[in-house]
Amino acid sequence: MAETDIRRSLESLKQTVSVTSTANSQVFSIVVRDKNAKASAMIANQIAATFKDQVQHIIRVNNVTIVAPAETPDQPVAPKKIINILIGFVGGLILGLVYASVRILSNRRVQTLEYLADELMLTSLGIINHQQPVTATHDQPAIKPQPVTSVVKAAVKRV
């Protein structure tokens with residue numbers, strides 16, 4: 001990739017280039033974060049070379065040197081996939097535990113008959129079982145008619 005192939009606007013350079021310096025030192029570092037690793041190294045080297053040329057004309061200093069040129073990294077510097085996966089896993093686990101805890105602690109349903117009798121001191125009158133609802137089809141009614149059987153017992157009075 002030639003240097004002329006890399007074209008960036010001033011706004012995109014402002015977002016991708018950062019310059020940091022250490023305290024009490026005249027050494028500074030140029031960091032360029034770009035999607036293309038080769039382009040980021042070329043941009044950093046070009047900024048350093050331009051700075052070296054311009055500083056010599058502005059403040060008349062001849063001893064400006066580039067300590068280490070930018071190199072193309074072998075692996076991407078961001079995003080760190082393993083760390084992001086671990087953060088997502090731990091965050092999901094914590095969020096799931098919090099959700100489950102809130103559900104359990106805010107459950108106000110009566111779970112057992114013993115809770116009503118022992119804790120609330122209520123008398124049990126009976127238990128209603130849940131049954132599956134019966135649905136009607138076109139050839140069978142929803143309520144099955146009970147066969148009518150009449151059993152007549154003779155009332156015998158014994159004296």
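FYI, side chains are in, hydrogens and waters are out, and symmetry mates aren't considered; it's all heavy atoms of this structure.
Of all heavy-atom pairs spanning Ala70 and Asn45, the tightest one is N-OD1, 2.6 Å. Counting all heavy atoms, side chain and backbone alike, Ile66 lies closest to Ala49 at CD1-N, 4.1 Å.
At least one side-chain heavy atom of Phe28 sits under 4.5 Å from a side-chain heavy atom of Ile30. Ile43 places a side-chain heavy atom less than 4.5 Å from the side chain of Arg8.
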Only distances under 3.5 Å count here; give the side-chain donor-acceptor pairs of residues 93-106 to other protein atoms, sequence neighbours excluded, each with its distance to 0.1 Å.
unit_1 : atom_1 : unit_2 : atom_2 : d
Tyr99  : OH     : Arg103 : NH1    : 3.3
Ser101 : OG     : Leu97  : O      : 2.8
Ser106 : OG     : Val102 : O      : 2.7

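Cluster partners of Met121, using a side-chain heavy-atom cutoff of under 4.5 Å among ILVMFWY residues and allowing indirect links: none. Grouped with Ile87 in one hydrophobic cluster are Ile83, the linkage being side-chain heavy-atom contacts under 4.5 Å among Ile, Leu, Val, Met, Phe, Trp and Tyr residues.
With values rounded to the nearest 0.5 angstrom, Glu71 atom CD is found 11.5 Å from Ser40 atom OG. In this structure, OG in Ser124 is found 9.5 Å from CD in Glu114, a value given to the nearest 0.5 Å. Summarising the geometry, atom CG belonging to Leu116 is positioned 10.5 Å from atom CD belonging to Gln111; distances are rounded to the nearest 0.5 Å. Atoms CD and OG1, from Glu119 and Thr112 in turn, are 9.0 Å apart once rounded to the nearest 0.5 Å.
Counted within 6.0 Å of CG on Leu120, heavy atoms from surrounding residues, nucleotides or ligands total more than 12; the atom is thus considered enclosed.
Distance alone, capped at 3.5 Å, places no donor-acceptor pair between the Asp34 side chain and the Ala39 backbone.
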